[in-house]
Amino acid sequence: METTPKISRNLISRPSNSGCILKLERTNNDLSQLEKKLTSYVCEPNTYTLFIKSETLRQTLQTLKNTNADLIKALKREKDLKIELFEKTMAQIRSYIEIQKSVEEYSNMLRY
């Protein structure tokens, strides 16, 4: 049985600056893990198409990491959680889930 990653219900039911920061920091750690996976020899592309896919994934990972860092800084500056920051946090988490699926799909393409 395979489980899919879900956005923390605790974060949704009681949103706070510290909860958003914590979730984004964890997401950043997970993004670093995905980046390490992509740079390992196991995920080395063997066709041009896979090379392009690999480069696109790496660029997307880097962009997500940078956006996460900016969002964490913005959350730390604010005393209270603002709606737009919460919405951006949720969008970042959704983007992380999407990139995680894309890396898995890429990884599966290499095996066959």
Side-chain angles (χ1 to χ4, degrees):
M1 185 165 107
E2 187 175 318
T3 60
T4 57
K6 293 184 180 174
I7 297 173
S8 172
R9 289 183 187 175
N10 196 20
L11 181 61
I12 294 172
S13 64
R14 288 179 286 159
S16 67
N17 270 9
S18 60
C20 289
I21 291 169
L22 182 64
K23 188 64 178 171
L24 288 171
E25 287 173 345
R26 288 181 180 166
T27 301
N28 251 358
N29 291 338
D30 292 340
L31 287 170
S32 294
Q33 293 285 331
L34 287 175
E35 195 171 44
K36 285 179 186 177
K37 180 178 181 176
L38 273 178
T39 57
S40 74
Y41 75 95
V42 176
C43 287
E44 194 170 310
N46 49 17
T47 66
Y48 183 72
T49 306
L50 290 175
F51 174 77
I52 298 298
K53 177 90 170 155
S54 166
E55 287 302 309
T56 303
L57 288 172
R58 288 180 191 171
Q59 290 173 356
T60 305
L61 282 170
Q62 192 58 47
T63 303
L64 269 175
K65 283 175 66 175
N66 292 340
T67 308
N68 269 4
D70 293 342
L71 192 51
I72 289 170
K73 287 178 190 173
L75 285 163
K76 287 182 177 179
R77 279 193 303 262
E78 297 296 329
K79 186 175 182 179
D80 295 323
L81 181 63
K82 298 197 185 251
I83 292 173
E84 63 269 5
L85 289 177
F86 179 71
E87 288 172 351
K88 286 181 181 180
T89 300
M90 298 307 287
Q92 281 295 111
I93 294 168
R94 285 186 198 98
S95 296
Y96 161 71
I97 292 170
E98 287 174 19
I99 192 72
Q100 187 180 32
K101 288 178 185 177
S102 296
V103 169
E104 281 301 313
E105 288 171 5
Y106 171 77
S107 180
N108 288 336
M109 280 192 247
L110 291 170
R111 292 186 190 143
Y112 300 108

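Looking at every heavy atom in both residues, Leu110 comes nearest to Pro45 through CD2-CA, 4.1 Å. When every heavy atom of Leu38 is checked against every heavy atom of Leu61, the shortest pair comes out as CD1-CD1, 3.5 Å.
Rounding to the nearest 0.5 Å places CD1 of Ile21 at 8.5 Å from OG1 of Thr89. Between the CD1 atom of Ile72 and the CG atom of Leu22 there is a distance of 9.5 Å, given to the nearest 0.5 Å. Note that the OG atom of Ser54 and the CD atom of Glu44 stand 9.0 Å from one another [nearest 0.5 Å]. The distance from the SG atom of Cys20 to the NZ atom of Lys23 is 11.0 Å, given to the nearest 0.5 Å. Annotation: the span from Glu104 atom CD to Lys101 atom NZ amounts to 11.5 Å, rounded to 0.5 Å. Atoms CG and NZ, from Asn29 and Lys65 in turn, are 9.5 Å apart once rounded to the nearest 0.5 Å.
Residues satisfying the side chain to side chain donor-acceptor pair (under 3.5 Å) test with Asp30, not counting sequence neighbours, are Tyr96.
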* **Verdict with reasoning, Arg58 to Glu55, per salt bridge (Lys or Arg N to Asp or Glu O under 4.0 Å)** => CA-CA 5 Å; Arg58 288 180 191 171; Glu55 287 302 309; 3.3 Å; yes

Would Leu31 and Ile99 count as a side-chain contact (heavy atoms from CB on, under 4.5 Å) if you check the C-alpha gap in whole Å, the side-chain angles of each, and the deciding distance to 0.1 Å? CA-CA 9 Å; Leu31 287 170; Ile99 192 72; 4.0 Å; yes

Worksheet entry | Steps toward side-chain contact (heavy atoms from CB on, under 4.5 Å) verdict (Lys88, Lys82) | CA-CA 10 Å; Lys88 286 181 181 180; Lys82 298 197 185 251; over 6 Å; no

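The closest donor-acceptor contact from the side chain of Ser107 to the backbone of Val103 lies at 3.5 Å or more, if one exists at all. Without hydrogens or angle criteria, Asn68 side chain to Gln92 main chain gives no donor-acceptor distance under 3.5 Å.
With a 4.5 Å cut-off on side-chain heavy atoms, Leu71 and Leu85 count as touching. When side chains are defined from C-beta on, Leu64 does not count as touching Asn28, because their heavy atoms never get closer than 4.5 Å.
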